[in-house]
Amino acid sequence: MRQIRLVSRPTGFPTAANFELVTSPPLDLSPGTALVENLWLSVDPYMRQAMDSDEWWALGAPGEGRALGRVVQSLTPAYGIGDIVFHTQGWRTHAVVTPSASRLIEVEPGVPLSAHLGILGGTGLSAYAGLKRVLKLQPGETLFVSAAAGGVGTAAARIARLLGAGRIIGSTGSAEKAKWLVSEVGFDAALNYRDGSLVEQLAAEAPDGIDAYLDNVGGEHLAAAIDVLKPRGRIAWCGAVSTYNGDGVVAPRNLYDVVGKELRLEGFLVRNHLDLRPELIEFLTPHLQSGAVVSDETVVDGFSQTVEAFLAMLRGENTGKMLVQLAA
Ligand code: NAP
């Protein structure tokens, strides 16, 4: 078994030196548990926040993180050999799981397994909860999504289209990714936030204003959305990735315009919307099977590349959900 441990707390942008890859003796099973060989690992922005916290990610330990693995030994009637299991034991090649702290994945034909860490997993569920439950997106409405080329952002666009959204506008960090969002993902327009004034670009793409904003970035993105939202517009605040490395300002300069424009700004945590997961899977599975929807992802091969995949995601080198594949 190999695992990746945090050995020092990053200051600013993390580096490979903040981590170590450790080989450990084989894991022992006790009654009621199963041994899982991991196939897919997730690398996520919240892990950067976790690295700042003793409670969230202790030094010398692997962190919490979503993974999919195959059962290779079982001492529980809940899991048979070969079952695919979701768990949250993070960056390691193997894990001992209990049925209460893991979940059996129903593998549907025509649906890639990795989608259960992408559009069908916590990533897609964040987009779905944000659009359906927080924004209560209505057919025909104009939607703005930031970090649009990432996991949550691409899932949001694909789901919003199925929900009947009108114009969908995204923002991302390069012209190439902006082009991809329109040609491949189904955005009607995409802005490069590194290319001039964000608020001017957004206003030009939404001359009548936006109805709803799914915020993954915070700071200047949130400020631009507040400027361009229609009166009584809604914001679902999902994340603030522009601030996780300790730079950037979370609160927007124009926060008080929320009052003047009677906007609704609501933060949410996906872990409090897990009840929506069966609905999301039932809703999306036929679209994934028909090919009408894809789970956008960037796949990095090999466990030893996990830290680099994480850093590349923070640098914006992913399109769709950033995943590490350990085995077929
Ligand atoms: P992701 O979008 O796939 O990856 C992160 C992306 O953030 C990068 O690809 C990069 O793309 C962008 N980025 C990095 N630094 C940035 C900066 N300074 N300004 C603007 N964009 C920057 O990650 P994800 O997993 O889908 O998560 C997206 C957001 O959702 C994060 O804020 C995350 O914390 C949040 N989230 C929240 C919940 C919840 O429960 N509330 C659950 C899941 C995710 P560019 O090339 O476009 O810069």
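Remember, it's a predicted structure, so these values are computed and weren't measured experimentally. Order of appearance sets the numbers: ligands from 1, and atoms from 1 within every ligand.
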Per-atom filter on ligand 1: closer than 4.0 angstrom to a heavy atom of Gly316 are 8 (C), 9 (O), 10 (C), 11 (O), 46 (O)
query = If you measure every N/O of Ser174 against every N/O of ligand 1, is any gap under 3.5 Å?
reply = no
Out of Gly239, Gly320, Gly248, Ser126, the nearest non-hydrogen contact to atom 43 (C) of ligand 1 is supplied by Ser126
- Task: State plainly whether one hydrophobic cluster holds both Val250 and Leu255, where clusters connect Ile, Leu, Val, Met, Phe, Trp and Tyr through side-chain heavy atoms under 4.5 angstrom apart.
- Result: yes
Note: Ala149, heavy atoms under 4.0 Å from ligand 1, region reported as neither
In ligand 1, the atoms that come under 4.0 Å of a heavy atom of Val270 are 39 (C), 40 (O), 42 (C)
Going by the 4.0 angstrom heavy-atom rule, the piece of Val217 near ligand 1 is side chain
Numbered in order shown, the ligand 1 atoms found under 4.0 Å of a heavy atom of Asn318 are 1 (P), 3 (O), 4 (O), 8 (C), 9 (O)
Quick note on ligand 1: atoms under 4.0 Å from a heavy atom of Thr172 include exactly 45 (P), 46 (O), 47 (O)
Q.
With a 4.0 Å cut-off on N to O distance, would you call Asp227 and Lys261 a salt bridge?
A. no
Between Tyr46 and Trp56, what is the ring plane arrangement, given parallel below 30°, perpendicular above 60°, and tilted in between?
parallel
Of Tyr244, Phe268, Phe13, the one whose closest heavy atom lies nearest atom 33 (C) of ligand 1 is Tyr244
_Evaluate Glu317 for polar contact with ligand 1, using N/O atom pairs at a separation under 3.5 Å._
no
Is any side-chain heavy atom of Met51 closer than 4.5 Å to a side-chain heavy atom of Phe310?
yes
Exercise. Within a reach of under 6.0 Å around CD of Gln289, are more than 12 heavy atoms found that belong to other residues, nucleotides or ligands?
Worked result: yes
N/O separation below 3.5 Å, Gly151 to ligand 1: yes
The atoms of ligand 1 lying under 4.0 Å from a heavy atom of Asn216, numbered in the order shown, are 29 (C), 30 (O), 31 (C), 32 (O)
When the ring planes of His221 and Phe144 are compared, do they come out parallel, tilted or perpendicular, using 30° and 60° as the limits?
parallel
Salt bridge or not for Asp208 and Arg167, using N-O below 4.0 Å? no
For Leu269, the ligand 1 atoms with a heavy-atom partner under 4.0 Å come out as 40 (O), 41 (N)
| Glu220 bridged to Arg253 by N-O distance under 4.0 Å | yes
Of Ala155, Gly219, Gly150, Ala236, the residue with the heavy atom nearest atom 1 (P) of ligand 1 is Gly150
One finds that the ligand 1 atoms under 4.0 Å from a non-hydrogen atom of Ala240 are 32 (O)
Can you find a non-hydrogen atom of Cys238 under 4.0 Å from ligand 1?
-> yes
Can you find an N or O of Met322 that's nearer than 3.5 Å to an N or O of ligand 1? no
N or O pair under 3.5 Å between Arg194 and ligand 1
no
So the atoms of ligand 1 within less than 4.0 Å of a heavy atom of Tyr193 turn out to be 16 (C), 17 (C), 19 (N), 20 (C), 21 (N), 22 (C), 45 (P), 47 (O), 48 (O)
Exactly one of Arg92, Gln325, His87 clears side chain to side chain donor-acceptor pair (under 3.5 Å) with Asn38, and that residue is His87
Exactly one of Arg232, Lys230, Lys136, Arg234 clears salt bridge (Lys or Arg N to Asp or Glu O under 4.0 Å) with Glu141, and that residue is Arg234
At under 4.0 Å between heavy atoms, what of Lys321 touches ligand 1? The answer is neither
